[in-house]
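Okay, structure first, notes after.
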Protein chains: 2
Amino acid sequence: MKVVMDINYINMNEIEKFFASKKIRVTAMRLLIYKFLAEKEVAVTLSDIENAFEKADRTTLYRTIKTFEEKAIVHQIDDGTGITKYALCEKGCNCEIETDLHLHFHCNNCNKTICLTDHKIPQIKVPEGFISENVNLVVKGICDKCSGQ
Amino acid sequence: MKVVMDINYINMNEIEKFFASKKIRVTAMRLLIYKFLAEKEVAVTLSDIENAFEKADRTTLYRTIKTFEEKAIVHQIDDGTGITKYALCEKGCNCEIETDLHLHFHCNNCNKTICLTDHKIPQIKVPEGFISENVNLVVKGICDKCSGQ
DNA sequence: CTAATGCTTGCAATGGAAGTGCAATTATTG
DNA sequence: CAATAATTGCACTTCCATTGCAAGCATTAG
Ligand SMILES: [Mn+2]
Ligand SMILES: [Mn+2]
Ligand SMILES: [Zn+2]
Ligand SMILES: [Zn+2]
């Protein structure tokens with residue numbers, strides 16, 4: 001895939017350094033997808049990315065996201081819609097080790113899912129003998145935009 | 001599908017009454033699937049049911065579960081594995097109205113998912129402007145059987 | 001700089017779960 | 001028993017996720 005790199009070179013430079021720190025190669029696809037995710041304020045599906053980059057192959061997008069996931073650049077969100085969504089990890093996020101402790105909100109009206117990164121998941125009690133390693137919490141309802149503030 | 005009704009008639013009688021109270025017809029399939037769910041202590045997938053009733057058609061099993069769901073006889077569980085699981089609702093459960101407020105535990109070792117029906121989901125704070133209608137909380141880790149008590 | 005090596009990409013194909021249309025079967029009602 | 005309504009089985013379909021393989025591109029050793 002040939003792309004015209006008409007995007008901000010300064011930003012791109014930073015992303016390149018970031019990729020290097022994560023020990024992954026810098027490619028046009030990866031830069032573009034990273035930028036796409038960074039500009040979105042909501043979690044996206046693979047189809048969303050597909051629609052944004054129609055010239056690229058679905059598999060490449062899929063594998064790029066998988067690579068990002070392995071390197072803790074993005075995290076998966078299962079919001080119960082049946083379609084996996086992805087969002088950039090926060091700086092200093094360590095979802096490789098213990099999963100993402102913030103909660104996610106899914107709007108039943110506009111169908112968007114957002115990370116509530118500063119809403120941490122409270123400590124959850126489990127019965128004797130059970131060991132909790134990881135918690136997934138999704139709140140569903142109406143988002144701020146849809147509720148009319 | 002022809003089945004030999006070699007199962008406890010007294011129990012069956014109770015289930016029949018239960019179905020009547022839910023205003024659904026009593027059929028062999030429904031009785032068998034209900035009994036199957038009642039005997040399981042874990043949430044099951046459609047495939048689990050399929051394997052247990054190989055003579056039955058998948059679609060019938062699928063639609064039976066859907067009917068149970070609509071009538072609040074079972075509730076769906078999305079434990080993040082990507083495959084929907086089902087479990088019987090507790091007596092007095094009203095997951096039709098407000099979703100199931102108990103939490104679910106998914107064992108990363110044996111891959112089983114169980115309802116922790118008496119572990120209710122705590123009140124979750126959401127930001128200004130957001131309206132919470134419903135919460136899905138899944139704890140992942142090691143279950144009591146796998147942790148060695 | 002060039003060649004060898006290994007990672008990345010595109011294409012084609014597969015698998016699995018979920019869901020639907022329609023006709024045949026079975027249950028309920030009168 | 002006949003008419004009516006709900007349930008079941010079969011054949012398809014759709015959609016997302018995932019993989020094998022060969023071609024393309026980037027990195028590194030020489
Ligand atoms: Mn998130
Ligand atoms: Mn449950
Ligand atoms: Zn919304
Ligand atoms: Zn276990």
Closer than 4.0 Å, any side-chain N/O of A:Thr60 to the OP1 or OP2 of C:dG10? yes
Look at B:Thr27 and D:dT8 and indicate whether a side-chain polar atom (N or O) is within less than 4.0 Å of OP1 or OP2.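 The answer is yes; a side-chain N or O of B:Thr27 sits under 4.0 Å from OP1 or OP2.
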Checking all strands, does A:Thr84 fall into the base, sugar-phosphate, or nothing category for heavy-atom contacts under 4.0 angstrom? sugar-phosphate
Any base atoms under 4.0 Å from A:Arg30, or only sugar-phosphate, or nothing? Heavy atoms, all strands. sugar-phosphate
Which residues share a salt bridge (charged side-chain N to carboxylate O under 4.0 Å, His left out) with B:Glu41, sequence neighbours left out: none
Write down the distance between [atom1] ([X]) and [atom2] ([N]), rounded to a whole number of angstrom.
| X | N | atom1 | atom2 | answer |
| --- | --- | --- | --- | --- |
| A:Lys66 | C:dT8 | NZ | P | 16 Å |
| A:Ile65 | D:dC16 | CD1 | C1' | 15 Å |
| A:Lys23 | D:dT27 | NZ | P | 15 Å |
| B:Tyr62 | C:dT20 | OH | P | 6 Å |

Please work out which of the three classes, parallel, tilted or perpendicular, describes the rings of B:Phe68 and B:Tyr34, given edges at 30° and 60°. perpendicular
Of the listed nucleotides [options], the one nearest the side chain of [X]:
| X | options | value |
| --- | --- | --- |
| B:Ser47 | C:dG10, C:dT20, C:dA17 | C:dA17 |
| A:Arg58 | D:dA17, D:dC16, C:dT20 | D:dA17 |
| A:Arg25 | D:dT27, C:dT9, D:dT7 | D:dT27 |

Could you tell me which non-hydrogen atom of A:Ala56 sits nearest to which non-hydrogen atom of A:Leu61, and how far apart they are?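 Scanning both residues, the minimum pair turns out to be CB-CD2, 4.0 Å.
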May I ask you to say whether A:Glu39 pairs ionically with A:Lys35, meaning some side-chain N is under 4.0 Å from a carboxylate O?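 Salt bridge: yes.
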At less than 3.5 Å, do the side-chain atoms of B:Arg63 and the base atoms of C:dG21 form a donor-acceptor pair? yes
